[in-house]
Amino acid sequence: MYTDLNRIMEIALKDILLSKGKEWLGIDINPSWIQFQPTRKGVRGDITLMVFPFAKALQLTPAEVAERIGKHVKSEVSFVADYEVIQGFLNFVFSKIFWSDQLISINQTDSFGISEPNSKHMVMVEYASPNTNKPLHLGHLRNIFLGYSVAQLKKAHGHQVIKTQVINDRGIHICKSMLAWHRYAPIQSNGERETPANSGLKGDKLVGKYYVEFEKHLQLEVKEVLSRWDAGDFSNTASVTVDKFQELNKALEGKDEKAQAAIYDKIKELAKNETEILRAAKDMLVRWEGRDPETYLLWSTMNGWVYDGFDVTYKRMGVDFDKLYYESDTFLLGKDQVMDGLARGVFYQKPDGSVWIDLTPDGLDEKLVLRADGTAVYMTQDIGTAIERFHDYPALSGIVYTVGNEQDYHFKVLFLILQKLGYTWAADCYHLSYGMVDLPSGKMKSREGTVVDADDLMEEVVNAATVMTQERGQIAELTEDERHNLFESIGMGGLKYYLLKVDPKKRMLFNPEESIDLTGNTGPFIQYTHARINSLLRKAGLIQFDKSALEIEAGEIELIKLLAAFPQTIAEASSNYSPAVLANYLFELTKAYNSFYQQSPILNEINPGLRAARILLSENVAKVLKSGLNILGINAPERM
RNA sequence: GGUCCCGUAGCUCAGCUGGAUAGAGCAACUGCCUUCUAAGCAGUAGGUCUUUGGUUCGAAUCCAAACGGGAUCACCA
């Protein structure tokens, strides 16, 4: 088992300072003065003690204090070989033995950096959960890679993890596609309507096509309704709607452009509800809820197409799920909890029968949790689903929701409600909120056709990787199959790394050209370095060396230090729900190794002790790179 | 307007709970393949960390305000 010597040394130094401090400095040491940090890059030393707090208390200059402490520590602590005082910072230099022992310890640890499986509590990670009316796009890619990677991170950190997604298989959106398909899908020669099987179209793409079709017809009808209204023809229109329309029309006067646009949107909304096609879709939803056999069959057929399509996409992404929650099963959940909460005074009821929660004391608004007609809203469902999950998994301690930051408010409210209902685990639920992915041309908008389709993008990225790898890869010995896998690994690795390397919380820019780059801060750069080490190790296989007689120099120490930081990097990335932390670490390690590789002969080194240390070091760098990439969901090819 | 998030090099991003001279990658320029994979390495150039106050030995980091960008404020999900 690997022991983080760094950490142990820090504790040891702290103990010595506390016990001997008075003797050395003449005053009692306040533990809060003792602040260590890794020594700054480019400065000699391994760990740095801040001496400012001491200097202040002792009324001495930092340099004087540092000198006094340094002298004593050097003479009394075996692993401190030297010390240096620069600008009031006290830098301790650890002995070479210390570092070579560290390397040996890392080497002897099988899954270095990975915590004992299931040593920490169980968490559920929800991600993906797309709507079924449209194919997956770039935004989903960020969501899915992020969620999957956080699940991997939690596992590596010792948690038991349940990966889950909610299948949004009910609601008006799927009815829209169903209706449009029923009305407009061309009849094939065999008498069937268009299906994935007879058209060769991916299921999600096909259903998405009819959703668009629906929207097209809807827009046309809206136009008709509006022009009728403008002409003063309100036949077949409810008087409430007419009043509302005229009211909004009046409100237009004297408003600026922005306010007018908002009002126009509302008018459009009114007109939408007056269209035949939307009414037909709503009827369909009612029939679905009433379990009308024909509607139900169509629904399950078309849903099936979508999931078959999504499965293909997930498979290429390399992600999976342990447990699925179907909205069609869970949409009735939560009502009981709401009624129970109502009885306990957590919620209150308005005269129309709708149920609300007043969150104004918490600085939020009043929020509807159940409609007047007793049907559930989004919030009701989420309350129910969360509770259901804790029933399904009694050992569960928290849920991570990978959902875009436009829902920050929703989750804030959800967690608060759960807490008010008395569920202590609400404190361990976390909204993994990520920023939007923008394009160089701006925001993705389906209406303007600027949405980047997930399947298309993956195809493109793999194609680009194929071209580049055929050009410069060392692939002569690979079979056709192996090549195919390699291109896939490189293309997808580049894409995943590109989306994961930035802080999830932040909005990010997706530059198509950069995403297929193979140089610089990219996935393929790390993969390449891993492959190159493997090539080296294949050749080193023949060389005998003695692992107990290692010799190391400054360059090796720098790398060992980085390797030793792997476990704490995983811990940090896991607790911050940030694969980006890990990605940046891997990049640092890769850069450091490449620099080392370029200036130090490894197999060609004549000094056997040095050569042994360098081979061992290379082996462990490769080990960490592979393990780290795996957590990011990225393959680490043996050669490329 | 209320609430929340963001503002670091031409561009894209790192900078952890305050610490030394603010770092990478891309783009630009200069070098390095008859030694282990050049998808690499070494170097040059590029910064009032949006602004102004405050806290402190010490601020890109913490606090406040202003400015700029975004999200959200549905009986949609």
Side-chain angles (χ1 to χ4, degrees), chain A residues 35 37 39-43 48 50 52-53 55-56 62 86-89 91 129 131 166 168 170-173 269 327 331 352 354-356 363-365 367-373 375-379 381-382 404-410 412 433 435-436 438 440 443 465 468-469 471-474 490 494 498 501-503 505-511 513-514 517-522 524-529 531-540 568-569 572 575-576 578 580-581 583-584 587-588 590-591 594-605 614-615 618 639-640:
Chain A
Q35 297 166 35
Q37 64 179 221
T39 301
R40 191 193 147 87
K41 223 172 125 189
V43 176
T48 296
M50 299 290 140
F52 297 100
K56 207 177 165 189
I86 305 170
Q87 293 178 39
F89 292 89
N91 304 324
S129 306
N131 279 330
V166 176
N168 296 301
R170 76 168 263 285
I172 190 77
H173 54 85
E269 204 58 39
E327 201 192 352
F331 81 106
D352 67 357
S354 58
V355 181
W356 295 71
L364 303 173
D365 303 312
K367 190 86 191 169
L368 177 88
V369 290
L370 201 60
R371 291 193 188 103
D373 62 6
T375 55
V377 289
Y378 183 32
M379 188 60 76
Q381 213 179 114
D382 269 3
N405 64 6
E406 67 271 14
Q407 293 196 37
D408 283 356
Y409 185 72
H410 172 78
K412 212 172 178 179
S433 159
M436 269 184 197
D438 289 326
K443 238 174 116 167
M468 298 303 276
T469 306
E471 231 170 67
R472 47 178 122 170
Q474 313 267 320
I490 296 173
Y498 186 82
K501 73 177 173 186
V502 319
D503 185 342
K505 289 198 299 285
K506 290 191 181 169
R507 193 184 181 99
M508 70 174 286
L509 186 89
F510 182 85
N511 185 331
E513 283 159 33
E514 282 177 14
D517 240 339
L518 307 172
T519 62
N521 188 0
T522 65
F525 170 59
I526 298 169
Q527 289 173 317
Y528 172 78
T529 301
R532 192 163 63 175
I533 295 175
N534 270 285
S535 160
L536 197 69
L537 294 175
R538 281 192 294 273
K539 288 176 182 159
Q568 71 219 42
T569 302
E572 190 193 334
S575 358
N576 291 326
S578 175
V581 168
N584 285 316
F587 177 58
E588 288 299 320
T590 301
K591 262 195 310 181
N594 280 335
S595 176
F596 173 80
Y597 173 89
Q598 214 77 219
Q599 64 190 57
S600 317
I602 296 168
L603 302 181
N604 299 334
E605 172 59 45
R614 286 178 181 171
I615 293 173
S618 299
R639 53 184 92 207
M640 65 188 271

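Every value quoted in this text rests on a predicted model; they were computed, and no experiment measured them.
Among the atoms of the strands shown, only primed sugar atoms or phosphate atoms (P, OP1, OP2) are found under 4.0 Å from some heavy atom of A:N131. Using a 4.0 Å heavy-atom criterion, one finds that A:Y597 contacts the bases of the nucleic acid, with or without backbone contacts as well. Note on A:R507: only backbone sugar-phosphate atoms sit closer than 4.0 angstrom, heavy atoms only; bases stay farther off. Nucleic acid contact for A:T469: base, since at least one base atom lies under 4.0 Å from a heavy atom of the residue. No contact: A:A580 has no heavy atom under 4.0 Å from any strand. Using a 4.0 Å heavy-atom criterion, one finds that A:K443 contacts the sugar-phosphate atoms exclusively. Within the nucleic acid shown, A:M468 has no heavy atom closer than 4.0 Å to any nucleic acid atom. Residue A:F525 is classed as a sugar-phosphate contact, given heavy-atom separations below 4.0 Å to backbone atoms only. No contact: A:K501 has no heavy atom under 4.0 Å from any strand. Among the atoms of the strands shown, base atoms are found under 4.0 Å from some heavy atom of A:S600. In this structure, A:E327 reaches the sugar-phosphate backbone alone: every heavy-atom distance under 4.0 Å involves primed, P, OP1 or OP2 atoms, never a base. At a threshold of 4.0 angstrom between heavy atoms, the contacts of A:L509 are confined to the sugar-phosphate backbone, with no base atom among them. Contact annotation for A:E406: backbone-only contact, meaning every heavy-atom pair under 4.0 Å involves sugar-phosphate atoms and none involves a base.
Straight-line distance between the P atoms of B:rU61 and B:rG54: roughly 14 Å, to the nearest whole Å. B:rU12 and B:rC73 are spaced 32 Å apart, taking the C1' atom of each and rounding to whole Å. Taking atom P in both B:rU48 and B:rU8, one finds a spacing of 12 Å when rounded to whole Å.
Residue A:S535 places its side chain closer to B:rU37 than to any other of B:rG40, B:rC36, B:rU37. Comparing atom distances between the A:R532 side chain and each of B:rC26, B:rC36, B:rG40 picks out B:rG40 as nearest. Side chain of A:W356, nearest nucleotide from B:rG19, B:rA24, B:rC75: B:rC75. The side chain of A:Q35 has B:rG19 as its nearest neighbour among B:rU56, B:rA24, B:rG19. Nearest nucleotide to the side chain of A:D365, out of B:rC73, B:rA39, B:rG40: B:rC73. In this structure, the nucleotide among B:rU21, B:rU12, B:rG19 sitting nearest to the side chain of A:Q37 is B:rG19. In the set B:rA14, B:rG40, B:rG25, the nucleotide with an atom closest to the side chain of A:N521 is B:rG25. Closest contact between the side chain of A:L368 and the listed nucleotides B:rG19, B:rU37, B:rC75 involves B:rC75. For A:R371, the listed nucleotide lying nearest its side chain is B:rC76; candidates were B:rA39, B:rA14, B:rC76. Nearest nucleotide to the side chain of A:Y409, out of B:rU56, B:rG40, B:rU72: B:rU72.
Under the stacking definition used here (centres under 5.5 Å, planes under 30°), the residue A:F52 fails to qualify as stacked on the base of B:rG58. Ring-to-base geometry does not place A:Y528 in a stacked arrangement with B:rG40 (centre distance under 5.5 Å, plane angle under 30° required).
In this structure, B:rC33 shows a glycosidic angle within 90 degrees of zero, which is the syn conformation.
Of the side-chain N and O atoms in A:T519, none sit less than 4.0 angstrom from OP1 or OP2 of B:rA39. Contact annotation: A:K367 side-chain N/O to B:rC75 OP1/OP2 distance is not under 4.0 Å. One finds a side-chain N or O of A:R40 lying less than 4.0 angstrom from the OP1 or OP2 phosphate oxygen of B:rG23. Contact between the side-chain N/O atoms of A:T48 and the OP1/OP2 oxygens of B:rG19 is not found at any separation under 4.0 Å. Residue A:K506 has a polar side-chain atom (N or O) positioned under 4.0 Å from OP1 or OP2 of B:rG7. Applying the 4.0 Å criterion to OP1 and OP2 of B:rC57, one finds that A:K56 has a side-chain N or O inside that range. Residue A:K539 has a polar side-chain atom (N or O) positioned under 4.0 Å from OP1 or OP2 of B:rU37.
Counting non-hydrogen atoms of other residues, nucleotides and ligands closer than 6.0 Å to NZ of A:K505 gives a total of 12 or fewer.
In this structure, the side chain of A:Y597 does not engage the main chain of A:I602 through any donor-acceptor pair within 3.5 Å.
The base of B:rC75 sits with one of its N or O atoms less than 3.5 Å from a complementary donor or acceptor on the side chain of A:D352.
Nearest-nucleotide mapping onto RNA chain B: of A:N405 and A:N91, the residue sitting toward the 5' end is A:N91. A residue-by-residue look at A:Y378 and A:K412 shows that A:K412 has its nearest nucleotide of RNA chain B further toward the 5' end.
Contact check on A:R371 versus A:D373 returns no salt bridge, with no Lys/Arg side-chain nitrogen under 4.0 Å from an Asp/Glu carboxylate oxygen.
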